[in-house]
2 protein chains.
Amino acid sequence: MKLQEARQQFISSWGAFGTHWGINRTMAQIHALLLTSAEPLTQDDMMEELNISRGNVNMNIRELIHWGLAERILLPGERKEYFTAEKNMWKVIRLIARERKKRELEPMLELLNKLEEVEGDRREKQVKAFTETIQDIKKIGNKVDKTLDLMIRAEENWFLGRVWRLLIDKKTEK
Amino acid sequence: MKLQEARQQFISSWGAFGTHWGINRTMAQIHALLLTSAEPLTQDDMMEELNISRGNVNMNIRELIHWGLAERILLPGERKEYFTAEKNMWKVIRLIARERKKRELEPMLELLNKLEEVEGDRREKQVKAFTETIQDIKKIGNKVDKTLDLMIRAEENWFLGRVWRLLIDKKTEK
DNA sequence: CTATACTTTCAAGAAATATTGAAAATTTAC
DNA sequence: GTAAATTTTCAATATTTCTTGAAAGTATAG
């Protein structure tokens, strides 16, 4: 397979993949484009490569920057802005985890805390079913929350070495 | 807060939460409704509680069943079908992990394997940038894949006891 | 077998979400 | 300062995704 074809396929799939994860197609495609580019790109480059409008590029590149996944670069003597992506994949994962935790997990945990204190006799079937489910979800949610905290703050090697090895390597399995 | 209000809030947020995770709003709401119901419900119950059409209930309850998250129950002497949700939250998480792995992770890994073998001199800047990114993603993807396999097969206690404790408990932190 | 209760399907319509492109804003060069 | 280059905004439009509801399908009782 030729480089250009491979790259096109990667960009297109990364985009589709993104839509399953609440990240919009174009944002994911720009990310894929930058991830596989040896050089920084301008907004015009991206418009051309992805066949999308200037406004679309602009909005999505800014969103990527907001997530910490892309960076604006000013080349000396150049008037245009250039952009690159964070290429360290562990860092990429941590940045995504950080953002999604903030947007999705934390608000949910806040809500669960409120809902836990529902009025009514816990001996009533309906009240019991409700509070038990809420508490179970909360327990798991809190664990995920702490795990993500640890991961987000973690050094790449700590995470790789300590956790992954435990989970995966043959040696450590019983 | 009254039970009915709390339940409404939970259903509505669970639905919104779902949309961020590639699960449609109604499917997530039906799931929330069943999770917090002491008794099995009929399609008509769900139509009324969620104010949605019969067709919508039917399609989404079948999808929940396909994921393993809900179950059809036939009560003796009753002609209507009743439905319940799996209430064990660890099992719920494993079921969701299994389904999403199959739909999202596995196809991506398959693609990455193909893309890794791009033609061209690895000393070329562009080729190098591309293959390095692909390989990095592949490495992480494979690890996630193995971890999910382990988790999907895992007994609740194994997972809870062994992994979570290592990740989270004070004692095991350096 | 027939009538009735119930479930499933799917084309059309509604709602949600993403994209465009042109105008406004900003930055830089001189 | 002004003009040219570039970036940003956002209302209008296009696209994608979800929902409806009525017709077709299936199962059960008698």
Side-chain angles (χ1 to χ4, degrees), chain A residues 11-34 40-67 70-84 100 103-104, chain B residues 11-34 40-67 70-84 100 103-104:
Chain A
I11 289 167
S12 143
S13 312
W14 199 245
F17 195 71
T19 61
H20 292 296
W21 285 86
I23 289 161
N24 99 19
R25 179 184 259 78
T26 303
M27 179 171 155
Q29 287 186 348
I30 292 177
H31 190 213
L33 183 67
L34 290 176
L41 302 178
T42 63
Q43 295 196 171
D44 290 87
D45 294 335
M46 301 180 212
M47 285 169 67
E48 187 171 348
E49 292 267 6
L50 303 176
N51 280 295
I52 56 179
S53 70
R54 181 175 306 285
N56 201 2
V57 170
N58 189 273
M59 290 173 110
N60 287 110
I61 188 77
R62 278 185 305 114
E63 189 67 8
L64 282 170
I65 289 169
H66 179 252
W67 284 53
E71 190 183 9
R72 193 177 309 237
I73 291 193
L74 293 170
L75 297 184
E78 290 268 15
R79 190 134 162 201
K80 278 190 181 174
E81 296 173 337
Y82 284 75
F83 300 89
T84 47
R100 304 203 62 153
R103 293 180 182 213
E104 293 153 29
Chain B
I11 288 167
S12 142
S13 310
W14 200 245
F17 194 71
T19 61
H20 291 295
W21 286 84
I23 289 162
N24 99 17
R25 180 183 258 77
T26 303
M27 178 170 157
Q29 287 187 348
I30 293 177
H31 191 212
L33 184 66
L34 291 175
L41 302 177
T42 64
Q43 293 197 173
D44 290 270
D45 295 335
M46 300 179 212
M47 285 168 68
E48 188 171 347
E49 292 267 7
L50 303 176
N51 281 294
I52 56 179
S53 71
R54 183 175 305 285
N56 202 2
V57 170
N58 189 273
M59 290 175 111
N60 285 109
I61 189 76
R62 278 184 306 113
E63 189 67 7
L64 282 170
I65 289 169
H66 179 252
W67 285 53
E71 188 184 9
R72 194 177 308 237
I73 290 193
L74 293 171
L75 297 184
E78 290 265 17
R79 195 137 159 199
K80 278 188 180 172
E81 295 174 337
Y82 285 76
F83 300 90
T84 46
R100 303 203 65 153
R103 293 178 182 216
E104 292 154 29

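Per chain, numbering begins at 1; letters A, B, ... match sequence-line order.
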Could you grab the distance from atom [atom1] of [X] to atom [atom2] of [Y], nearest 0.5 Å is fine?
{"X": "B:I23", "Y": "A:H20", "atom1": "CD1", "atom2": "NE2", "answer": "12.0 Å"}
{"X": "B:T42", "Y": "B:I73", "atom1": "OG1", "atom2": "CD1", "answer": "12.5 Å"}
{"X": "A:Q43", "Y": "A:M46", "atom1": "CD", "atom2": "CE", "answer": "6.5 Å"}
{"X": "B:N56", "Y": "B:R54", "atom1": "CG", "atom2": "CZ", "answer": "12.0 Å"}

Provide, to the nearest angstrom, the distance between the [atom1] atom belonging to [X] and the [atom2] atom belonging to [N].
{"X": "A:E81", "N": "C:dT27", "atom1": "CD", "atom2": "C1'", "answer": "10 Å"}
{"X": "A:I52", "N": "D:dT13", "atom1": "CD1", "atom2": "P", "answer": "21 Å"}
{"X": "B:K80", "N": "D:dT26", "atom1": "NZ", "atom2": "C1'", "answer": "17 Å"}
{"X": "A:N51", "N": "C:dG21", "atom1": "CG", "atom2": "P", "answer": "11 Å"}
{"X": "A:L50", "N": "C:dT20", "atom1": "CG", "atom2": "P", "answer": "10 Å"}
{"X": "B:N24", "N": "C:dT17", "atom1": "CG", "atom2": "P", "answer": "12 Å"}
{"X": "B:Q43", "N": "C:dC6", "atom1": "CD", "atom2": "C1'", "answer": "9 Å"}
{"X": "B:E78", "N": "C:dA5", "atom1": "CD", "atom2": "P", "answer": "14 Å"}

Heavy-atom donor-acceptor pair, A:R100 side chain to A:W21 backbone, under 3.5 Å: yes
Touch class at under 4.0 angstrom, heavy-atom based, for A:R62 against every strand present: sugar-phosphate
Sugar-phosphate, base or nothing in reach of B:N56, heavy atoms under 4.0 Å: base
Check: D:dT6 base within 3.5 Å donor-acceptor of A:R79 side chain: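 Not at all, since no donor on one side and acceptor on the other fall under 3.5 Å apart.
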Identify which nucleotide among [options] has an atom closest to any side-chain atom of [X], counting heavy atoms from C-beta outward.
{"X": "B:N60", "options": "C:dT20, D:dT19, C:dT19", "result": "D:dT19"}
{"X": "B:N58", "options": "C:dT9, D:dT9, D:dC18", "result": "C:dT9"}
{"X": "B:M59", "options": "C:dG21, C:dC10, D:dT7", "result": "C:dC10"}
{"X": "B:R72", "options": "D:dT19, C:dT9, C:dT7", "result": "C:dT7"}

5'-most by nearest nucleotide on DNA chain C - A:L74 or A:I23: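 The residue whose closest nucleotide sits nearer the 5' end is A:I23.
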First encountered from the 5' end of DNA chain C, between A:G77 and A:T26: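 Closest to the 5' end, via its nearest nucleotide, is A:T26.
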Nearest-nucleotide 5' precedence on DNA chain D, A:Y82 against A:R25: A:Y82
